[in-house]
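Scroll down for the structure; my scribbles are underneath it.
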Amino acid sequence: MRADIRTATEGFTEWLGQTTNPVAVDTETTGLDIYSPGFDVRLVQFGDRDVAYVLDAKRDRALIQEAFTFGRSWVLHNAPFDLLALDRAGLADLEQLEGHVFDTRIMAHLLDPRTEAEGGTGHSLKRLAQVWVDDTASDGQTELNEVFRKNGWKQAEGWAKIDIDHPTYLHYAGMDVILTRRLFDELKPTVLGIGAGHLLQFELHLMQLLCRMQRKGMKVDVDYTRSLHSRLQVEATEYEAMAEHFGVEKIGSGKQVAEALLAMGEELTEQTPSGAWKVDRAVLLPMADLDNGWNRLGLREPNPLADAVLRAKRAEKWSVAYTGAFLDLKDENDRLHPWVNSLQARTARMSVSRPPLQQLPSSDYMIRRSFIADEGQVMIAADYSQIEMRVLAALSQDEAMTEAILSGVDLHDYTAEKLFGPDFTKAQRKLAKGVGFGKVYGGGAETLSRQTGTGIGDVRRAIQAYDETFRGIKRYSQGLQESAQWGKREVVTRVGRHLPLDRDRVYAATNYVVQSTARDVLAQAVVDLYDKGLGDYLLLPIHDEILGQAPEAEAEEIVHEIKKVMERDFDGIPLLSDAEVYGRTWAHGYGYSEEGQ
DNA sequence: ACGACGCGCCAC
DNA sequence: AAACGTGGCGCGTCGT
């Protein structure tokens with residue numbers, strides 16, 4: 001494969017003026033945390049199929065800035081990282097490139113959303129280039145790692161420490177853009193070939209909007225977070241000491257915990273897939289005489305070790321994964337800019353990482369209290385109610401479920417009445433609800449029986465009654481699986497997304513379509529909100545919810561506008577949004593109030 | 001020292 | 001007939 005890697009600037013402008021679109025772009029930086037102190041862009045590369053210019057971000061700063069004003073189209077692999085890095089370093093604004101950017105990672109995801117572990121190609125440039133461009137393609141990563149290793153640098157250090165003119169580094173940098181452009185040339189017609197051209201445009205647009213959200217970030221209440229962080233650390237240390245008293249030196253070692261509990265005369269019954277004793281939360285809580293909400297059950301004498309391990313683990317997790325991460329990752333203005341991957345899961349669900357803000361504890365508001373609206377603003381949120389059940393009703397066009405939803409009655413009450421009659425008990429409603437979730441998640445009788453503590457026979461009868469009540473859902477689910485059996489082993493969603501199914505898990509088809517369609521509803525809502533000029537109020541997408549902030553005086557009005565934009569009809573099923581003004585902090589949406597503290 | 005993996009736990 | 005879905009990420013352990 002021809003690869004002409006040029007490190008001098010001679011001829012760059014002429015080349016850029018005459019090469020074909022899109023021009024591949026990549027950056028090499030000091031690290032991954034764009035908003036941490038000390039972050040810098042070191043190299044910026046431009047390339048086409050055969051030629052790469054590897055420019056020094058400092059030496060060639062003006063030339064790079066000028067290049068981005070050329071009004072070309074660009075292609076990047078995993079564009080958000082480089083777009084935000086370029087923006088942060090003042091080399092190119094997000095807005096400047098918006099609408100002119102392709103992302104080969106997004107294109108690859110549309111063609112096969114599976115990771116390597118799931119049997120797909122995965123979405124790393126190296127693997128994709130091997131599959132689509134040249135099976136001997138090497139991006140030079142292995143050689144670069146070797147240089148890092150020989151110098152005694154850890155992975156994360158190498159990127160900042162390697163000499164900017166190290167030949168291995170420059171080769172790696174140059175190959176990246178050449179492979180990206182070559183990959184683009186293969187992926188583009190293939191994406192169009194499966195009829196996903198419109199979907200690609202949509203995803204590229206969405207990705208760039210989420211980049212804006214990420215760049216803005218969210219304000220951390222640093223004083224509060226520091227104080228909570230140390231409180232959690234103290235708590236973890238205290239409970240770790242108690243555990244040690246019972247012979248457990250490392251609370252994270254399931255082996256030690258299990259052995260100590262057995263020595264205390266406790267009985268363990270559940271095992272992990274590899275045969276070890278299971279000592280997770282579900283096992284330890286009852287042993288500590290606690291329910292799921294950590295309240296005393298009063299059923300037995302609490303085991304002090306089980307109690308200490310539970311509390312130490314929680315305090316440890318919360319301080320390391322949350323408060324500690326918030327403090328580590330915030331920028332110099334105390335703002336956090338989490339990574340938002342607009343197209344992540346097999347079902348296209350988005351993910352948020354560094355830190356994982358989509359999964360902060362919701363049973364207690366203390367962690368969410370770390371996030372505070374900007375001066376004069378309040379946090380707001382709007383979520384779709386029962387989005388997955390409603391999407392399932394719409395897709396299946398089930399008559400009974402449509403009737404229930406349109407009548408406005410509580411769906412689980414309706415289901416319980418159909419299953420058990422008008423005098424259904426609380427436990428029966430819970431079971432009815434569980435059966436409904438089972439349809440969305442693909443769960444079976446065994447699982448539901450275990451979860452609800454209902455006998456397997458009763459559960460089977462409930463599922464059967466459910467299928468008879470909601471015949472359309474059963475029919476829809478079977479239809480998906482049958483067509484996947486006959487044709488290609490995949491389901492295609494309403495927006496034309498191809499979701500591959502695993503051979504032995506074809507039953508997951510219903511879940512995939514529902515989860516994916518619900519994701520696309522939220523994604524479309526994000527685009528619509530920006531179109532209506534409400535984008536500046538948004539902070540973060542959370543699967544079926546959008547978190548935002550707005551000036552206090554207008555917050556009610558703005559959140560109402562957001563709700564209205566989100567709400568829509570989906571094949572006769574109304575998708576409704578619950579909108580709420582939280583208050584100064586994220587915790588205000590979870591029962592926190594200043595006065596109460 | 002580093003990576004892979006098992007396990008666990010946080011969310012929707 | 002039956003089959004619980006999607007993530008992020010830290011710790012401990014074990015192999016290289």
Side-chain angles (χ1 to χ4, degrees), chain A residues 113-115 117-118 145 148-149 152-157 236 248-258 271-285 309-310 312-314 316-322 324-325 338-341 343-364 367-368 383-384 386-388 434-451 456 459-460 463-464 467 477-478 481 499 501-502 504-516 518-519 522 540-545:
Chain A
R114 294 173 301 176
T115 63
E118 290 173 329
N145 285 344
F148 290 178
R149 199 189 58 76
W153 299 322
K154 291 177 185 171
Q155 258 304 312
E157 294 171 347
V248 174
E249 280 175 24
K250 294 181 178 185
I251 53 153
S253 166
K255 191 162 167 273
Q256 288 180 23
V257 173
Q271 290 179 304
T272 68
S274 72
W277 288 120
K278 212 172 168 73
V279 281
D280 64 6
R281 208 169 148 265
V283 173
L284 296 183
L285 276 173
V309 168
L310 281 165
K313 272 190 168 178
R314 184 163 75 166
E316 175 79 17
K317 160 118 185 162
W318 288 14
S319 72
V320 174
Y322 303 132
W339 283 101
V340 180
N341 188 331
L343 184 60
Q344 167 68 18
R346 185 191 302 213
T347 57
R349 258 193 174 191
M350 303 175 203
S351 71
V352 173
S353 59
R354 303 175 79 99
L357 294 191
Q358 284 183 320
Q359 56 229 54
L360 304 187
S362 55
S363 60
D364 190 305
I367 299 293
R368 289 175 199 249
D383 69 305
Y384 282 110
Q386 301 175 311
I387 179 98
E388 294 193 328
V435 177
F437 274 120
K439 293 297 165 192
V440 172
Y441 285 153
E446 289 281 359
T447 312
L448 199 51
S449 169
R450 206 177 332 116
Q451 276 174 354
I456 188 77
V459 172
R460 289 218 174 92
I463 291 175
Q464 200 180 345
D467 288 340
S477 190
Q478 281 176 337
Q481 294 181 48
L499 307 178
L501 301 168
D502 299 334
D504 53 346
R505 290 166 67 247
V506 176
Y507 65 86
T510 312
N511 172 260
Y512 285 2
V513 177
V514 169
Q515 190 180 99
S516 187
R519 177 276 186 191
L522 190 87
L540 199 71
I542 311 174
H543 302 309
D544 65 349
E545 174 190 355

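Proteins get letters first, then strands, A, B, ... in listed order; numbering begins at 1 in each.
- In this structure, of B:dC7, B:dC9, C:dG5, it is B:dC9 that holds the atom nearest to the side chain of A:R281.
- Note on A:Y512: only backbone sugar-phosphate atoms sit closer than 4.0 angstrom, heavy atoms only; bases stay farther off.
- Looking at A:R149, its side chain has no donor and acceptor atom pair within 3.5 Å of the base of B:dC2.
- A:V279 comes within 4.0 angstrom of the backbone, heavy atoms only, and of no base.
- Where A:D504 and A:E118 meet DNA chain C, the nucleotide closest to each residue was compared, and A:D504 sits on the side nearer the 5' end.
- Using a 4.0 Å heavy-atom criterion, one finds that A:A445 contacts the sugar-phosphate atoms exclusively.
- Taking atom CG of residue A:D544 and atom C1' of nucleotide C:dG5, one finds them 15 Å apart after rounding to whole Å.
- For A:A345, the side-chain atoms get nearest to C:dG7 when compared with the rest of B:dC12, B:dC7, C:dG7.
- A:N341 places no side-chain N or O within 3.5 Å of a backbone atom of A:M350 that could act as its donor or acceptor partner.
- A distance of 15.5 Å separates NE2 in A:H543 from OH in A:Y384, rounded to the nearest 0.5 Å.
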Worked check of side-chain contact (heavy atoms from CB on, under 4.5 Å) between A:R349 and A:Q344: CA-CA 6 Å; A:R349 258 193 174 191; A:Q344 167 68 18; over 6 Å; no
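- Between the P atom of B:dG8 and the CH2 atom of A:W277 lies a distance of 13 Å, rounded to the nearest Å.
- If you measure from atom CG of A:L540 to atom P of B:dA11, you get 15 Å, rounded to the nearest angstrom.
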Worked verdict on A:V283 versus A:W277 for side-chain contact (heavy atoms from CB on, under 4.5 Å): CA-CA 10 Å; A:V283 173; A:W277 288 120; over 6 Å; no
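- The 12-atom threshold is exceeded at CD of A:E118, counting heavy atoms of other residues, nucleotides or ligands nearer than 6.0 Å.
- With rounding to whole Å, A:D502 atom CG is found 22 Å from C:dA2 atom P.
- Salt-bridge formation is detected for the pair A:K439/A:D467: a Lys NZ or Arg NE/NH1/NH2 atom is positioned less than 4.0 Å from an Asp or Glu carboxylate oxygen.
- Nucleic acid contact for A:T272: sugar-phosphate only, since backbone atoms but no base atoms lie under 4.0 Å from a heavy atom of the residue.
- The two atoms that bring A:I251 and A:V257 nearest to each other are O-CG2, 3.8 Å, heavy atoms only.
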Chi angles and distances behind the side-chain contact (heavy atoms from CB on, under 4.5 Å) call for A:R519, A:L343: CA-CA 10 Å; A:R519 177 276 186 191; A:L343 184 60; 3.9 Å; yes
Check against side-chain contact (heavy atoms from CB on, under 4.5 Å), A:N145 and A:R149: CA-CA 6 Å; A:N145 285 344; A:R149 199 189 58 76; over 6 Å; no
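- Using a 4.0 Å heavy-atom cutoff across all strands shown, A:G438 reaches no nucleic acid atom at all.
- Between the side chain of A:S516 and the backbone N or O of A:V513, no donor-acceptor pair lies under 3.5 Å.
- Counting any heavy atom pair closer than 4.0 Å across all strands shown, A:Q271 reaches no nucleic acid atom.
- The shortest distance between the side-chain N/O atoms of A:R314 and the OP1/OP2 oxygens of B:dC10 is not below 4.0 Å.
- Toward the 5′ end of DNA chain C lies the nearest nucleotide of A:G444, the other residue of the pair A:Q515 and A:G444 mapping further downstream.
- Stem analysis of DNA chain B (Watson-Crick or G-U pairs, both distances under 3.5 Å, runs of at least three) returns B:1-12 with C:5-16.
- Distance CE (A:M350) to P (C:dT6): 18 Å, rounded to an integer number of Å.
- Contact annotation: A:Y384 does not reach the phosphate of B:dC12 (side-chain N/O to OP1 or OP2, under 4.0 Å).
- B:dC9 atom C1' lies 16 Å from atom CD of A:Q358, rounded to whole Å.
- Nearest heavy atom pair, residue A:L540 against residue A:P338, reads CD1-CG, 4.0 Å.
- Remark: P of C:dA1 and CD of A:Q481 are 13 Å apart, rounded to the nearest angstrom.
- Nucleic acid contact class of A:R450 (heavy atoms, under 4.0 Å, all strands): none.
- Nucleic acid contact for A:Q451: base, since at least one base atom lies under 4.0 Å from a heavy atom of the residue.
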Under 4.0 Å protein heavy-atom contact, by nucleotide of nucleotides 8-16 of chain C - B base, S sugar-phosphate only: BSSSSS---
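- Within 4.0 Å of A:S363, counting heavy atoms only, lie sugar-phosphate atoms of the nucleic acid but no base atom.
- If you check every strand for non-hydrogen atoms under 4.0 Å, A:R349 touches a base.
- Within 4.0 Å (heavy atoms only), A:I367 reaches no atom of the nucleic acid at all.
- Remark: the separation of the C1' atoms in C:dC4 and B:dC12 is 14 Å, to the nearest Å.
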Worked check of salt bridge (charged side-chain N to carboxylate O under 4.0 Å, His left out) between A:D502 and A:R346: CA-CA 11 Å; A:D502 299 334; A:R346 185 191 302 213; 3.1 Å; yes
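- Rounded to whole Å, the distance from CZ on A:F437 to C1' on C:dA3 is 19 Å.
- Here A:R505 reaches the OP1 or OP2 of C:dG5: one of its side-chain N or O atoms lies under 4.0 Å away.
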